[in-house]
Amino acid sequence: MTKQIETDERRAVLIIAKSAFAAAPHADMARLVGVMAERRPDAVVRYAFTEQGTPSLRDALLALVGEGCSHVSIVPLVLPMEPSFQTWLEKVIRRWRSEDDRPWPDMAITTQIAASSVMAALLADLVASAKPIDPAVDQKLLAEGSLVPDQKRRALVCQGGPCNGAGADAIWCHLRNEQQRLKLRTTGDGTMTAKSTCLGPCNLAPVVQVFPEGTYYGGVTEAAIDRIITEHLLGGTVVEDFAYHPTGRKQRLRPLQTPRFPNP
């Protein structure tokens with residue numbers, strides 16, 4: 001009985017940031033996790049990233065689900081935080097939950113950093129830590145050149161309003177992490193990935209476009225990205241289940257069988 005009560009009351013705090021490419025920001029996030037863990041010894045404290053970096057928000061949440069947490073508080077370290085950020089965050093969590101048959105914890109998102117009552121003290125502390133900038137020009141940087149990419153493929157993730165609202169940041173996060181894991185820049189024809197402004201078919205959000213074919217993919221999920229990578233970027237075959245071709249007429253998202261996460 002005691003063990004069941006402990007499991008039912010297990011709480012978690014998930015600190016999220018947008019991206020991390022190097023070891024230093026990961027170390028910063030780990031330090032913040034330590035600070036929070038000291039303040040909340042009753043909770044499991046983790047960190048994750050929404051755009052690029054591991055663990056991704058999706059992987060971190062699924063891990064907490066698997067650990068049987070009863071409540072997860074998400075703390076976005078985003079400043080300024082656009083209203084659309086919380087919109088897509090809530091929407092994508094609902095989608096992940098609908099794809100998973102396991103019991104999910106109660107979810108909550110904290111207020112944005114700018115609204116914190118300690119923001120004035122934080123800003124004052126940062127100003128006190130300011131260091132002067134060396135005005136000297138780095139001649140070495142001026143002399144360096146850049147390689148023109150020779151990758152044959154481009155995968156664009158739309159960042160227009162409807163796509164962001166439909167969870168495009170989560171799709172971008174998954175694509176970028178898979179690009180790094182699978183070494184897509186140097187595998188096959190080579191793939192470059194990039195965010196884009198509106199790609200056009202907003203009602204098919206989230207939208208991804210793959211070149212050189214110019215194929216539009218709509219209603220893209222993480223499972224769709226996995227297939228696009230395997231079948232299109234590496235195999236050269238358009239994934240018709242998610243593809244939308246120009247017809248001269250308006251198109252709606254086609255209903256697809258939603259993949260389910262297996263029960264443990």
Side-chain angles (χ1 to χ4, degrees), residues 14-33 46-66 74 76-78 85 88-89 92-93 95-96 99 144-159 163-164 166-197 199 205-213 215-217 219-239 242 259 261:
L14 184 58
I15 303 172
I16 62 173
K18 284 198 168 184
S19 301
F21 304 95
H26 281 272
D28 287 340
M29 293 296 285
R31 181 177 59 81
L32 291 175
V33 164
R46 304 276 170 77
Y47 71 85
F49 300 99
T50 63
E51 291 189 7
Q52 184 176 359
T54 55
S56 68
L57 172 61
R58 177 173 178 259
D59 289 343
L61 278 179
L62 293 180
L64 293 174
V65 171
I74 298 176
L77 301 184
V78 180
F85 182 85
W88 82 255
L89 184 58
V92 77
I93 289 173
R95 176 169 67 79
W96 292 335
E99 296 171 351
E144 289 182 352
S146 295
L147 289 172
V148 175
D150 63 354
Q151 286 81 6
K152 302 298 190 297
R153 295 195 171 277
R154 299 288 186 274
L156 305 182
V157 178
C158 182
Q159 295 290 297
C163 284
N164 280 336
D169 277 348
I171 301 307
W172 171 252
C173 179
H174 186 66
L175 175 60
R176 292 287 284 188
N177 287 341
E178 288 299 285
Q179 176 183 348
Q180 182 176 2
R181 185 179 72 84
L182 299 173
K183 311 300 181 187
L184 293 181
R185 288 177 182 264
T186 56
T187 303
D189 292 333
T191 298
M192 294 284 286
T193 58
K195 294 180 179 180
S196 78
T197 53
L199 289 173
V207 173
V208 172
Q209 190 173 21
V210 173
F211 290 92
E213 297 84 357
T215 305
Y216 281 97
Y217 290 107
V220 177
T221 62
E222 290 81 8
I225 288 293
D226 292 339
R227 290 191 57 190
I228 290 168
I229 290 173
T230 301
E231 299 174 32
H232 195 166
L233 299 180
L234 298 179
T237 301
V238 173
V239 185
F242 300 96
F261 294 102

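Residue numbers count from 1 along this sequence.
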Item checked: salt bridge (Lys or Arg N to Asp or Glu O under 4.0 Å) against K152, all qualifying residues, sequence neighbours excluded -> none
Next item on the list: With C158 as reference, evaluate L199, N164, I171 under the side-chain contact (heavy atoms from CB on, under 4.5 Å) test and give the passing residue.
Entry: L199
Notebook entry, point to check: Looking only at heavy atoms, what is the nearest atom pair of A168 and V157, with distance?
Noted result: O-CG1, 4.0 Å
Notebook entry, point to check: Could you state the interatomic distance from CD (E51) to SG (C173), rounded to the nearest 0.5 Å?
Noted result: 8.0 Å
Next item on the list: Considering non-hydrogen atoms only, spot the tightest contact between M29 and I15 and give its length.
Entry: CE-O, 3.7 Å
Item checked: Within-4.5 Å side-chain heavy-atom neighbours: R95 and E222 -> yes
Notebook entry, point to check: Quick one: does L32's side chain get under 4.5 Å of L77's, heavy atoms only?
Noted result: yes
Margin query: Quick check for you: to the nearest 0.5 Å, what is the distance between L175 atom CG and L184 atom CG?
Written below: 7.5 Å
Checklist line | Closest non-hydrogen atom pair between V239 and Y217, with its separation | finding: N-OH, 3.0 Å
Check: For Y47 and A60, which heavy atoms make the closest approach, and how far apart are they?
Finding: O-CB, 4.4 Å
Check: What is the distance from atom CD of Q151 to atom OG1 of T187, rounded to the nearest 0.5 Å?
Finding: 10.5 Å
Notebook entry, point to check: Between CH2 of W172 and CG of N177, what distance do you get to the nearest 0.5 Å?
Noted result: 10.5 Å
Checklist line | Reference residue R153; test side-chain contact (heavy atoms from CB on, under 4.5 Å); the match among R185, H232, M192 | finding: H232
Check: Any side-chain heavy atom of Q179 sitting closer than 4.5 Å to one from T191?
Finding: no
Next item on the list: State the CG-OH distance between L156 and Y216, to the nearest 0.5 angstrom.
Entry: 9.0 Å
Notebook entry, point to check: So which heavy atom on F85 is nearest to which on P76, and how close?
Noted result: CE2-CB, 4.0 Å
Margin query: If you define the side chain from C-beta out and look only at heavy atoms, does anything of P149 sit under 4.5 Å from R154?
Written below: yes
Margin query: Under the criterion side chain to side chain contact (heavy atoms under 4.5 Å, CB included), I'd like the reasoning laid out for I74 against I93: C-alpha separation, chi angles, the key distance, then a yes or no.
Written below: CA-CA 11 Å; I74 298 176; I93 289 173; 3.5 Å; yes
Next item on the list: State, yes or no, whether a side-chain contact exists between V78 and T50 at a heavy-atom distance under 4.5 Å.
Entry: no
Next item on the list: For T54 and F49, work out which heavy atoms get closest and say how close.
Entry: O-CE1, 3.7 Å
Notebook entry, point to check: Out of curiosity, R227 CZ to T221 OG1, how far, rounded to the nearest 0.5 Å?
Noted result: 10.0 Å
